[in-house]
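Note that ligands are numbered from 1 as they come in the structure, with each ligand's atoms numbered from 1 the same way. Any value given below was found using the heavy atoms of this structure, including those in side chains, with hydrogens, waters and symmetry copies removed.
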Amino acid sequence: MYPFIKSIHSYFAWAALALIIIAIISTILTKNKESVSYKKWAFFGLMAVHIQLLIGLTLYFLSPFGLDNLSGDSMKDSFTRLLAIEHPFTNIVAIILITIGYSQSKKAEYGSKKILVFYTIGLILLLSRVPWSTWLS
Ligand code: HEM
């Protein structure tokens with residue numbers, strides 16, 4: 001079960017990050033304030049990070065690098081600390097910001113600005129705590 005969920009989390013990360021990037025680009029390309037096409041991409045991005053959150057939460061309880069690794073010793077090592085604390089916590093904050101951005105965009109006069117700001121901060125947070133060394137190796 002663990003290798004399967006880890007593999008899904010690993011591959012789905014591409015989709016989640018790509019859709020957030022496309023949503024941001026789509027707001028930048030929205031010249032006409034009346035245009036609503038960016039909303040479609042913002043919605044797909046939101047869905048993707050929420051699905052990734054559910055897969056990540058499941059993985060946290062299955063992985064030897066998740067909950068099982070919460071100990072004083074693992075906090076001394078930067079890689080084990082990244083997987084047990086920094087990656088989950090930062091990504092949850094990023095997903096909350098993306099969700100706030102999406103919901104605020106519905107109320108704002110120019111919703112694309114809210115998407116641009118919140119999704120960009122969320123993306124920076126997500127990218128800052130991806131375990132690049134294991135993911136791309
Ligand atoms: C959009 C949000 C997220 C993205 C893009 C993401 C991406 C990734 C990536 C690329 C890896 C490395 C996979 C590999 O080495 O093959 C990973 C590992 C991991 N992620 Fe996430 N993640 C996200 C959210 C979360 C959340 C919210 C949690 C937990 C609450 C979580 C828990 C984990 C754990 C425990 C691992 C280590 C798995 C292992 O090596 O055993 N992730 N994540």
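For residues 96-108, the side-chain hydrogen bond (donor to acceptor under 3.5 Å, both in side chains) pairs, not counting sequence neighbours, are His50-Thr99. Residues in residues 59-70 take part in no side-chain hydrogen bond (donor to acceptor under 3.5 Å, both in side chains) pair, two or more places apart or across chains.
For atom 16 (O) of ligand 1, the nearest protein heavy atom (residue, atom name, distance) is Ser10 OG, 3.0 Å. Atom 27 (C) of ligand 1 has as its closest protein heavy atom Leu53 CD1, 3.6 Å. Looking only at heavy atoms of the protein, atom 40 (O) of ligand 1 is closest to Lys6 CE, 3.5 Å.
One N or O on the side chain of Tyr119 and one on the backbone of Ala42 form a donor-acceptor pair closer than 3.5 Å. With hydrogens and angles ignored, the 3.5 Å screen pairs no side-chain donor or acceptor of Arg129 with any backbone N or O of His87.
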Could you check Ile28 against Leu116 for side-chain contact (heavy atoms from CB on, under 4.5 Å), going step by step and ending with a plain yes or no?
-> CA-CA 7 Å; Ile28 294 168; Leu116 180 62; 3.8 Å; yes
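No close placement of the Tyr38 and Trp41 rings is indicated, their centers lying 6.0 Å or farther apart.
The distance from ligand 1 to the heavy atoms of Phe65 drops below 4.0 Å at these ligand atoms: 39 (C), 40 (O), 41 (O). Listed by atom number, the atoms of ligand 1 under 4.0 Å from Leu126 heavy atoms are 1 (C), 2 (C). Within ligand 1, counting atoms from 1 as listed, the ones closer than 4.0 Å to a heavy atom of Ser63 are 38 (C), 39 (C), 41 (O).
Other residues, nucleotides and ligands contribute more than 12 heavy atoms inside 6.0 Å of the OH atom of Tyr2.
Of all protein atoms, those that are N, O or S and lie under 2.8 Å from atom 21 (Fe) of ligand 1 total 2.
Looking at Trp135, Tyr2, Phe61 and measuring to atom 39 (C) of ligand 1, the nearest heavy atom belongs to Tyr2. When Thr134, Leu123, Leu83 are ranked by how near their heavy atoms come to atom 37 (C) of ligand 1, first place goes to Leu83.
Looking at Leu53, Leu54, Ile55 one by one, the single match for side chain to side chain contact (heavy atoms under 4.5 Å, CB included) with Ile51 turns out to be Ile55.
In terms of hydrophobic clustering, with Ile, Leu, Val, Met, Phe, Trp and Tyr side chains grouped at heavy-atom distances under 4.5 Å, Ile121 and Ile22 are assigned to a common cluster.
Scanning for ring pair (Phe, Tyr, Trp, His ring centres under 6.0 Å) contacts around Trp14 gives Trp135, with sequence neighbours left out.
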